[in-house]
Amino acid sequence: KEFCYIRRFPEARKLSQANCDNSPSKDHVFEHMDAETWEYPEHTLYDLSLDPQERDNCADNPAYAEILQKLQQRLEQWMEETKDPLLQKV
């Protein structure tokens, strides 16, 4: 199976209008959400074999806990090995 794991650091969790093209979907989001307080989740995990559109975040699903932990560890190790500056902010 293939998975997509995304970790968002605090400064990247806010919804940014600058990252959205003008469109009906953007209008809908900003009409129905509080863009000032809404945040992306810190961790997202998608099962690409079942959800190639990345719509169902499995990070909180106990059935995916082991996979999530392994991917978190791999990312952390890679960030340490590459001396990723984001780790200095955590």
Side-chain angles (χ1 to χ4, degrees):
K1 285 192 169 191
E2 292 189 27
F3 297 91
C4 175
Y5 169 65
I6 301 169
R7 178 179 177 192
R8 290 184 178 88
F9 290 83
E11 59 274 1
R13 292 179 61 191
K14 295 283 186 190
L15 188 61
S16 172
Q17 292 186 35
N19 291 340
C20 301
D21 294 333
N22 289 329
S23 66
S25 56
K26 175 184 177 180
D27 294 341
H28 176 81
V29 167
F30 286 101
E31 287 171 11
H32 295 88
M33 297 174 63
D34 183 354
E36 296 297 319
T37 60
W38 188 86
E39 290 187 351
Y40 289 100
E42 182 178 1
H43 302 280
T44 53
L45 176 67
Y46 301 104
D47 184 337
L48 298 178
S49 63
L50 299 175
D51 181 24
Q53 303 298 320
E54 298 181 9
R55 295 180 181 170
D56 183 25
N57 181 7
C58 300
D60 293 329
N61 183 332
Y64 290 87
E66 185 177 332
I67 293 162
L68 178 63
Q69 183 180 19
K70 286 180 182 178
L71 291 174
Q72 287 173 325
Q73 289 171 344
R74 283 181 60 191
L75 178 60
E76 187 80 18
Q77 180 181 352
W78 181 81
M79 292 177 79
E80 289 171 1
E81 289 172 1
T82 61
K83 298 180 178 30
D84 192 309
L86 284 174
L87 288 179
Q88 305 304 317
K89 297 179 182 182
V90 177

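Minimum interatomic distance between Ala59 and Thr44 (heavy atoms only, all atoms of both residues): CB-CA, 4.2 Å.
The shortest side-chain heavy-atom distance between Leu86 and Met79 falls under the 4.5 Å cut-off. The shortest side-chain heavy-atom distance between Arg8 and His43 does not fall under the 4.5 Å cut-off. Contact check for Asn57 versus Pro41: side-chain heavy atoms found under the 4.5 Å cut-off. Two residues are said to be in side-chain contact when any heavy atoms from C-beta on lie closer than 4.5 Å; Leu68 and Phe3 fail this criterion. At a threshold of 4.5 Å between non-hydrogen side-chain atoms, the residues Asp84 and Trp78 count as touching.
Clustering ILVMFWY residues whenever any of their side-chain heavy atoms sit less than 4.5 angstrom apart, transitively, puts Tyr5 in the very cluster that holds Ile67.
In this structure, the separation between CD on Glu2 and CG on Leu48 is 6.5 Å, given to the nearest 0.5 Å. Gln72 contributes atom CD, which lies 9.0 Å from atom CG of Leu45 (distance to the nearest 0.5 angstrom).
Residues passing the side chain to side chain donor-acceptor pair (under 3.5 Å) test with Gln77 are Glu81, sequence neighbours excluded. Applying the side chain to side chain donor-acceptor pair (under 3.5 Å) test to Tyr64 and every residue at least two apart in sequence or in another chain returns Asp47.
Every pair passing salt bridge (charged side-chain N to carboxylate O under 4.0 Å, His left out) that includes a residue from residues 48-67 is listed here, sequence neighbours excluded: Glu66-Lys70.
By the 6.0 Å contact criterion, CD on Gln73 is enclosed, its count of non-hydrogen atoms from other residues, nucleotides or ligands being greater than 12.
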